[in-house]
Amino acid sequence: MSFFGKLADTVVSFANDSAKSVVEEVVNPTVSFANNSARTVVEEVVNPTVSFANDSARTVVEKVLNPTVSFIDSQLQRPRDVLVQQQILDNLQESNGSNFPGDDYHSPDRKNWMAHLSVDKLTLNKIVWPGTHDSATNGIGDPLVTRWLGECQTLSIFDQLVLGTRVSDIRVQEDRCVCHGALSSYNVDVVLNDVIRFVSETQSEIIILEIRTEFGKKDPFEFETYLVDKLGQFLIHQDDNLFNKPVSEILPKRVICIWKPRESPKPSRGGILWNSDYLKDNWIDTDLPWTKFQSNLKHLSEQQPISSRKFFYRVENTVTPQADNPVVWVKQVTDRIRKHARLFISQCASKGYGDKLQILSTDFIEGDFVDACVGLTHARMKGQFDKISPS
């Protein structure tokens, strides 16, 4: 081999060895480093990031999407539940009617309906007292923003009494303003002045005035003294024997005032004010009319007959707006059951509870509701209920 051939072979061999060295000492370590770095990035950055993203997505699904879907489902289902329950009551009305003893009676003067029934024969325990729920809420709240959420009556206390109401449900807060939950209105003086005006314009009408401190509120300062000073001349002292007495023996006193404080001591037995022991009910928090209707019947059936009862028992023919239903307007909600007051009385009569019904309260009271209560009272006085046997 020539000199130049050997030289070329040597150069090629040297180049190959150099390249091999570069691969072994530079390229391979660089590739290995790159692989190790990539693996580290995957293990320490990419995988945790993917895991975090998966966990975050799962959290969003569990805490946001699922509750949202559940809420939407409930918002769609609740109106359907209401419609089903309204249909049950409508069907009951159609199949059974709403007849009961005294259902055709209409007082010639609702303002003086007790007087027209003969106060010598009308005992307290024969009266079916027409009452209003959240009585002093006329004009409560802002007319455009909140009134529809809290107004349960549109008439003043005086106008309710003239219409025939004889049981008022008044809620107060620390500043003596009437209220319904977070909404407040005029001073309770307005209520008491309406009561005084009414009893001054009539002679024989007895009123049950329930005043309570609203839930979550504080008692007005020295409120018991205030009530006695304001209404003293009209107040009927607490007496268990009154329930069997005719109205004529209770007059000229006119007002049974039941004071229900939350923190202050309740009025003592035998005092000038009555305490919470003397007005009871079994209120349930629902906007479903058939559920409330059934509950009212059940709890009424468990009461003693009025002839042996030494307290007033109230049934509220009302339902309450609920947060899980898109319809929260008081009027629209309570109308689901309000129209069925006569049906309720009819069911009481047919099931043998007619001698247990005492106070029946409603939202947005109307004359027909008063007539139904007074008609049943009239039937009791005539002894017509004695002829009714449960169906």
Side-chain angles (χ1 to χ4, degrees), residues 114 123-137 152-153 157 160-161 163-172 180 191 195 205-215 236 238 240 242-243 255-262 266-267 273-286 289 291-320 334 337-338 340-345 347-349 351 353-366 369-370 372-374 376-377 380:
M114 288 187 180
T123 57
L124 286 193
N125 60 14
K126 281 190 170 66
I127 299 172
V128 181
W129 303 75
T132 52
H133 164 250
D134 264 304
S135 308
T137 53
C152 299
Q153 309 295 331
I157 296 298
Q160 290 176 39
L161 294 170
L163 187 64
T165 302
R166 292 297 176 265
V167 180
S168 295
D169 159 26
I170 311 298
R171 324 285 179 89
V172 295
H180 183 190
V191 172
V195 169
E205 307 303 303
I206 302 292
I207 298 169
I208 298 175
L209 179 64
E210 177 200 26
I211 304 183
R212 69 176 103 166
T213 302
E214 179 65 299
F215 178 78
I236 300 168
Q238 187 279 314
D240 287 357
L242 285 182
F243 292 93
V255 180
I256 295 172
C257 185
I258 300 172
W259 165 227
K260 296 181 176 181
R262 290 203 171 270
K266 65 182 183 181
L273 298 181
W274 300 50
N275 63 43
S276 57
D277 296 337
Y278 290 97
L279 178 54
K280 302 178 182 181
D281 55 40
N282 292 102
W283 177 81
I284 64 168
D285 188 12
T286 181
T291 298
K292 184 63 176 289
F293 195 94
Q294 287 182 300
S295 175
N296 283 342
L297 283 174
K298 174 183 178 296
H299 288 298
L300 183 63
S301 71
E302 297 167 351
Q303 303 303 311
Q304 297 174 318
I306 52 175
S307 58
S308 57
R309 194 185 300 158
K310 299 300 182 183
F311 60 89
F312 296 101
Y313 184 77
R314 173 172 53 203
V315 173
E316 292 189 333
N317 190 56
T318 63
V319 286
T320 307
T334 199
I337 196 171
R338 189 171 70 99
H340 293 298
R342 284 182 175 269
L343 175 63
F344 182 79
I345 296 175
Q347 288 293 297
C348 289
K351 294 179 181 297
Y353 313 152
D355 63 340
K356 298 182 177 184
L357 186 59
Q358 193 169 32
I359 298 174
L360 186 60
S361 291
T362 186
D363 291 322
F364 303 103
I365 193 165
E366 295 177 344
F369 179 87
V370 173
C373 294
V374 177
L376 186 58
T377 302
R380 283 177 175 172

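Side-chain atoms are counted along with the backbone in the values below, which use heavy atoms only and exclude waters and symmetry mates.
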What's the spacing between [X] [atom1] and [Y] [atom2] if we round to 0.5 Å?
X: Phe243; Y: Ile127; atom1: CZ; atom2: CD1; answer: 11.0 Å
X: Ser276; Y: Lys266; atom1: OG; atom2: NZ; answer: 4.5 Å
X: Lys292; Y: Asn317; atom1: NZ; atom2: CG; answer: 8.0 Å
X: Arg166; Y: Ile256; atom1: CZ; atom2: CD1; answer: 12.5 Å
X: Glu316; Y: Thr334; atom1: CD; atom2: OG1; answer: 9.5 Å
X: Arg342; Y: Leu360; atom1: CZ; atom2: CG; answer: 11.5 Å

So, for [X] and [Y], which heavy atoms are closest and what is the spacing to 0.1 Å?
X: Thr213; Y: Arg262; answer: O-NE, 2.9 Å
X: Leu297; Y: Cys348; answer: CD2-SG, 3.9 Å
X: Val319; Y: Ile337; answer: N-CG2, 3.8 Å
X: Val195; Y: Leu161; answer: CA-CD1, 4.2 Å
X: Gly131; Y: Ile365; answer: O-CD1, 4.2 Å
X: Pro130; Y: Cys373; answer: CG-CB, 3.7 Å

*So, are Arg212 and Asp169 salt-bridged, with charged N and O less than 4.0 Å apart?*
yes
Under a 3.5 Å distance rule, please check whether [X] uses its side chain to pair with a backbone N or O of [Y] as donor and acceptor.
X: Thr377; Y: Val128; result: yes
X: Arg380; Y: Lys126; result: yes
X: Thr165; Y: Gln160; result: yes

*Stepwise, does the side-chain contact (heavy atoms from CB on, under 4.5 Å) test hold for Val191 with Val172?*
CA-CA 11 Å; Val191 172; Val172 295; over 6 Å; no
Check whether any side-chain heavy atom of [X] lies under 4.5 Å from a side-chain heavy atom of [Y], and answer yes or no.
X: Ser301; Y: Lys351; value: no
X: Val167; Y: Phe312; value: no
X: Ile208; Y: Trp274; value: no
X: Arg314; Y: Trp129; value: no

_Pair Tyr313, His299 - check side-chain contact (heavy atoms from CB on, under 4.5 Å), show working._
CA-CA 10 Å; Tyr313 184 77; His299 288 298; 3.3 Å; yes
*asked:* Test of understanding: with side chain to side chain contact (heavy atoms under 4.5 Å, CB included), list the residues that count as partners of Thr137, not counting sequence neighbours.
replied: Asp134, Ile140, Cys152, Gln153, His180
*Can you tell which of Glu210, Lys260, Gln238, Lys310 makes a side chain to side chain donor-acceptor pair (under 3.5 Å) with Tyr278?*
Gln238
*asked:* One pair to check against side-chain hydrogen bond (donor to acceptor under 3.5 Å, both in side chains): Arg309 and Gln303. What are the steps and the verdict?
replied: CA-CA 9 Å; Arg309 194 185 300 158; Gln303 303 303 311; 5.0 Å; no
*Only counting residues at least two apart or in another chain, list the ones meeting salt bridge (Lys or Arg N to Asp or Glu O under 4.0 Å) with Arg338.*
Asp335, Glu366
